[in-house]
Colleague: 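Below is one structure. I have some questions about it.
In what follows, chains carry the letters A, B, and so on, assigned in the order in which the sequence lines appear, proteins first and then strands, with residues in each chain numbered from 1.
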Amino acid sequence: MAPMRIDQLTPGTVAHIVAIDLDELGERRLREHGLDEGVEVELLHRAAFGADPLAVRVGNACVAMRRSQAAGVTVRVAQRLEAAE
Amino acid sequence: MSEVMTAPVVALVGNPNAGKTSLFNALTGARQKVANYPGVTVERKAGTLTLPDGSRAELIDLPGAHSLEPRSPDEEVTRDVLVGAYAHERVPDAIIAVVDATNLASQLRFVLELKALGRPMVVALNMMDLAERDGFFIDYEALARELALPVIPTVAVRRRGLEAVIAAARDALNAAEISAIRSADAPAMLVEAIGDMRGHQRQARDIAAKVVSGGDANQMTRQIDRLVLHPVSGPVLLAVILFLMFQAVFAWATPFADAIEGAIGWAQGIVMTSLPAGPVRGFLTEGLLGGVGAVIVFLPQIVILFAFILVLEQSGYMTRAAFLMDRLMAGVGLSGRAFIPLLSSFACAIPGIMATRSIADPKDRLTTILIAPLMTCSARLPVYAVIIAAFIPDRTVGGLANMQGLVLFGLYAFGVVGALAAAWVLRLTVTKGAGGGFLMEMPKYQLPAIRDLAIGIWQRAWAFLRRAGTIILVSTMVLWVFASYPKAPDGVSQVDYSIAGRIGAGLEVVFAPIGFNKEISIALVPGMAAREVAVAALGTVYAIDADDEELLEVELADRLRGAWPLPTALAFLAWFVFAPQCISTFAVTRRETNGWRWPIFMFSYLFVMAYLGAGATYWISKWALGG
């Protein structure tokens with residue numbers, strides 16, 4: 001599947017991080033919270049009123065971030081092993 | 001090396017939410033000291049660790065951090081202490097790194113950074129019970145081999161693994177004695193530690209992949225979050241929790257407060273019957289018991305409020321609340337992170353202002369500090385409670401809520417709206433600039449441990465009582481003297497004639513336009529020491545003018561009802577929503593902002609808001625009541 005950004009994911013879809021493109025400080029802060037190339041992520045929740053911030057599963061942790069930060073993270077949706085529905 | 005027999009220092013370090021404080025509580029029990037680092041106001045939590053051989057070490061709980069490259073003033077303290085760059089703290093002889101066992105892949109990165117510092121170190125693999133519940137199998141012996149560090153599985157909240165941690169800490173300290181600490185190398189080692197972020201990330205994940213098997217992201221937490229973070233049910237639930245919290249503060253505390261009040265009345269009675277009339281008896285009943293008693297009565301409410309806040313924090317809900325509030329906070333130029341210090345400010349602005357140290361962005365942080373005093377702190381409760389009891393009827397509205405509770409909720413809401421408006425204006429003017437974003441880990445839900453709750457509540461209740469016993473006692477005593485002397489001749493009101501009365505008469509010129517009488521003007525002065533002193537002061541001022549027989553029978557609320565028109569009472573409430581009535585808040589703001597500029601600014605803008613708010617309340621209610 002084509003790469004997308006975390007904020008474009010449908011809730012419940014599992015994806016892997018391909019790249020983090022933010023300014024240096026922003027990138028470091030995301031990395032400190034466990035984001036890294038290859039790490040599994042899943043969009044869990046969007047807040048009410050403007051769908052910002054987002055709750056994102058990063059590996060085994062749940063991280064809250066603004067949409068603008070999530071938009072700096074490119075991901076690739078995992079291959080679906082079983083095509084449910 | 002010095003031969004002085006000083007206890008070695010062991011530091012607890014870890015990510016926020018790794019269970020560091022629980023482990024600290026479990027290891028040190030009630031034998032801990034909470035103090036401030038000199039010069040700055042990060043809490044220094046230290047306790048005594050008794051080693052297996054009976055010797056002792058000092059255990060310090062460093063602020064939670066993600067990295068040795070600090071993002072916030074909090075993390076800066078942690079980094080500086082660890083590399084020996086902190087003037088007021090000895091370099092730790094050993095480190096206990098606390099990691100959340102359910103999130104190893106991410107948290108091991110920080111462990112690798114810490115390890116690069118070259119200090120003797122122990123890894124406490126905490127929350128092992130949650131890891132087991134989620135089906136993780138962690139080969140901690142393999143982890144110890146990979147890290148080349150001792151790894152101890154622990155469950156801090158259940159007190160599991162404590163002896164092993166202590167034994168490992170002792171071994172680490174022994175190692176520390178053998179290898180002289182190379183603190184001169186620390187800066188170079190620090191550069192190395194933080195230089196290779198990606199390398200550490202890869203290494204951490206490789207290790208985690210080797211030692212962790214099975215497991216599933218916490219299903220229970222995900223289920224709860226479906227409700228708690230839901231766009232509709234989430235905000236509704238938050239509103240319900242906050243509303244319940246404030247209703248409980250008023251309703252549950254009543255029997256306890258009544259008991260304390262009864263005890264004070266009983267003590268006053270004993271003094272009245274056992275001492276002859278005179279200055280000593282007057283001082284004991286009116287000054288000491290009347291003044292300090294009027295404040296201690298509010299201990300139950302403060303304990304309940306802190307209990308709620310601690311439960312919200314320890315259960316993991318607080319970060320969800322921050323998530324839900326982020327959008328609203330972003331609307332006024334802040335982030336959800338500001339919500340946590342602001343909620344703490346409902347108990348007291350001082351810990352709230354200190355808690356802003358976790359906010360990375362300096363302008364976000366400054367704005368949060370400036371609006372923190374607008375959150376209704378527990379010191380206002382005594383003021384609100386007396387006025388509400390005197391002027392608001394105690395009846396049920398719509399079969400659901402208590403009218404007095406509703407008014408109290410309204411005052412809290414008034415403060416919050418004022419704070420948001422102030423933040424919005426400040427962000428467009430004095431603290432203009434781009435926001436710092438919002439990034440925060442939301443921990444797994446956990447039942448709070450009774451022990452951690454009890455310790456947390458005890459520390460806060462003790463701080464309150466200490467204030468009542470010192471600053472409030474002293475200002476009440478001074479006021480009593482000022483209000484009692486010089487003695488008025490017959491037929492002249494004692495309060496009018498006294499020193500306090502003359503000061504009040506001067507101030508009344510300023511406050512009369514917003515409906516305040518002389519007694520209020522007098523009470524506002526000692527009320528600068530602490531807000532709740534204003535109640536004690538009103539108690540003292542009105543008691544001095546009353547006859548002795550009257551004193552025991554008429555409570556302050558009844559006396560105020562007779563003395564104040566309703567618009568004055570409402571204006572007084574409005575004043576306290578905004579008023580900068582707390583010296584400690586300015587002192588802490590000065591320290592946190594390194595100068596007088598911001599505390600002076602804070603005082604000025606709050607004074608203007610309070611004056612305008614009280615004035616508007618007075619004139620509008622006067623007009624509405626047909627006065």
Side-chain angles (χ1 to χ4, degrees), chain A residues 5-7 9-73 78 81, chain B residues 15 17 65-67 69 71 100 102-107 109-110 131 134 136 194 197-198 200-202 204-205 208 212 215-218 221-222 225-226 228-232 234-235 316 319-320 322-328 330-331 335-337 360 435-444:
Chain A
R5 304 175 334 219
I6 288 187
D7 61 313
L9 285 171
T10 327
T13 311
V14 174
H16 289 94
I17 297 177
V18 213
I20 304 176
D21 301 301
L22 280 170
D23 58 291
E24 201 194 326
L25 179 66
E27 181 184 330
R28 266 197 92 99
R29 290 189 62 203
L30 286 183
R31 289 186 179 279
E32 281 167 9
H33 283 79
L35 285 90
D36 187 13
E37 282 85 358
V39 168
E40 190 178 283
V41 291
E42 175 185 351
L43 179 61
L44 296 176
H45 301 277
R46 296 175 201 270
F49 318 116
D52 200 11
L54 310 173
V56 181
R57 178 170 69 79
V58 179
N60 284 318
C62 178
V63 178
M65 63 181 80
R66 290 259 174 91
R67 222 163 47 180
S68 57
Q69 291 161 303
V73 185
L81 297 177
Chain B
N15 280 17
N17 305 318
H66 288 99
S67 159
E69 188 171 275
R71 302 278 166 250
D100 173 357
T102 65
N103 193 15
L104 266 190
S106 168
Q107 300 212 338
R109 198 207 81 253
F110 189 32
D134 289 350
F136 289 105
I194 60 172
M197 161 82 85
R198 286 182 187 220
H200 283 152
Q201 271 190 307
R202 300 294 135 77
R205 282 168 56 204
V212 184
D216 196 2
N218 193 303
T221 290
R222 288 190 66 157
D225 272 344
R226 260 178 216 138
V228 168
L229 299 182
H230 187 273
V232 179
T319 53
R320 270 74 181 185
F323 175 87
L324 293 167
M325 294 300 288
D326 182 62
R327 186 66 204 162
L328 177 64
S335 85
R337 226 176 227 291
F438 175 60
L439 193 62
M440 182 172 226
E441 190 183 331
M442 296 196 277
K444 283 160 285 293

Colleague: In residues 18-28 of chain A, which residues are in contact with chain B at a heavy-atom separation under 4.5 Å?
Modeller: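 L25(A), E27(A), R28(A) fall under the 4.5 Å cut-off.
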
Colleague: For T102(B) versus N60(A), what's the shortest heavy-atom pair and its separation?
Modeller: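 So the minimum-distance heavy-atom pair works out to O-CB, 3.3 Å.
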
Colleague: Which atoms of V39(A) come close to chain B, meaning under 4.5 Å heavy atom to heavy atom: side chain ones, backbone ones, both, or neither?
Modeller: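 Answer is both: backbone and side chain atoms of V39(A) are under 4.5 Å from chain B.
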
Colleague: Side chain from CB out, backbone as N, CA, C, O: work out which of these in Q107(B) comes under 4.5 Å of a heavy atom of chain A, or both, or neither.
Modeller: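 For Q107(B), neither part sits under 4.5 Å from chain A.
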
Colleague: Could you look at R327(B) and say if it's the side chain, the backbone, both or neither that has a heavy atom under 4.5 Å from chain A?
Modeller: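 Looking at R327(B), backbone and side chain both touch chain A.
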
Colleague: Counting heavy-atom pairs under 4.5 Å to chain B, which of S68(A), G38(A), C62(A) comes out on top?
Modeller: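 If we count pairs closer than 4.5 Å to chain B, C62(A) comes out on top.
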
Colleague: Would you sort out whether E441(B) and E32(A) count as a side chain to side chain contact (heavy atoms under 4.5 Å, CB included), showing the intermediate values?
Modeller: CA-CA 10 Å; E441(B) 190 183 331; E32(A) 281 167 9; over 6 Å; no

Colleague: Between chain B and each of A47(A), P53(A), A48(A), A61(A), count heavy-atom pairs under 4.5 Å; write down the option with the most.
Modeller: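 Top option by heavy-atom pairs under 4.5 Å: P53(A).
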
Colleague: Starting at CG of L229(B), measure out to CG of L44(A) and round the result to the nearest 0.5 Å.
Modeller: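 The distance works out to 8.5 Å.
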
Colleague: So which part of R226(B) gets closer than 4.5 Å to some heavy atom of chain A, the side chain, the backbone, both or neither?
Modeller: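 Backbone plus side chain of R226(B), per the 4.5 Å heavy-atom cut-off to chain A.
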
Colleague: Counting only non-hydrogen atoms closer than 4.5 Å, does N15(B) touch chain A with its backbone (N, CA, C, O), its side chain (CB onward), both, or neither?
Modeller: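 No part of it gets close to chain A.
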
Colleague: Would you say that R222(B) contacts E42(A) through its side chain, given a criterion of any heavy-atom pair below 4.5 Å between the two side chains?
Modeller: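 Yes, side chains in contact.
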
Colleague: Looking only at heavy atoms, what is the nearest atom pair of F323(B) and A55(A), with distance?
Modeller: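 Taking every non-hydrogen atom into account, CE1-N, 3.5 Å.
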
Colleague: To check you understand the geometry: which heavy-atom pair defines the closest contact between Q201(B) and L35(A), and what is its length?
Modeller: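 Looking at all heavy atoms of both residues, the shortest contact is NE2-O, 2.8 Å.
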
Colleague: So which atom in L439(B) and which in M65(A) form the shortest heavy-atom distance, rounded to 0.1 Å?
Modeller: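 Taking every non-hydrogen atom into account, CD1-CB, 3.6 Å.
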
Colleague: Of the non-hydrogen atoms in A64(A) and M442(B), which two are nearest, and what is the gap between them?
Modeller: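 Here A64(A) and M442(B) meet closest at CB-CE, 3.9 Å.
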
Colleague: Under 4.5 Å from any heavy atom of chain A, what part of S335(B) do you find: side chain, backbone, both or neither?
Modeller: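 Answer is both: backbone and side chain atoms of S335(B) are under 4.5 Å from chain A.
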
Colleague: Which atoms of L324(B) are under 4.5 Å from chain A, going by heavy atoms: the side chain, the backbone, both sets, or neither?
Modeller: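 Looking at L324(B), nothing touches chain A.
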
Colleague: K444(B), R202(B), H230(B): which one forms the most heavy-atom pairs within less than 4.5 Å of chain A?
Modeller: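 Highest number of pairs under 4.5 Å: R202(B).
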
Colleague: Considering all heavy atoms of both residues, which atom of R46(A) and which atom of P231(B) are nearest to each other, and what is their separation?
Modeller: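 For R46(A) and P231(B), the tightest heavy-atom pair comes out as O-CG, 3.9 Å.
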
Colleague: Need one label for A322(B): side chain, backbone, both or neither, based on atoms under 4.5 Å from any heavy atom in chain A.
Modeller: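 Neither part, no heavy atoms under 4.5 Å.
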
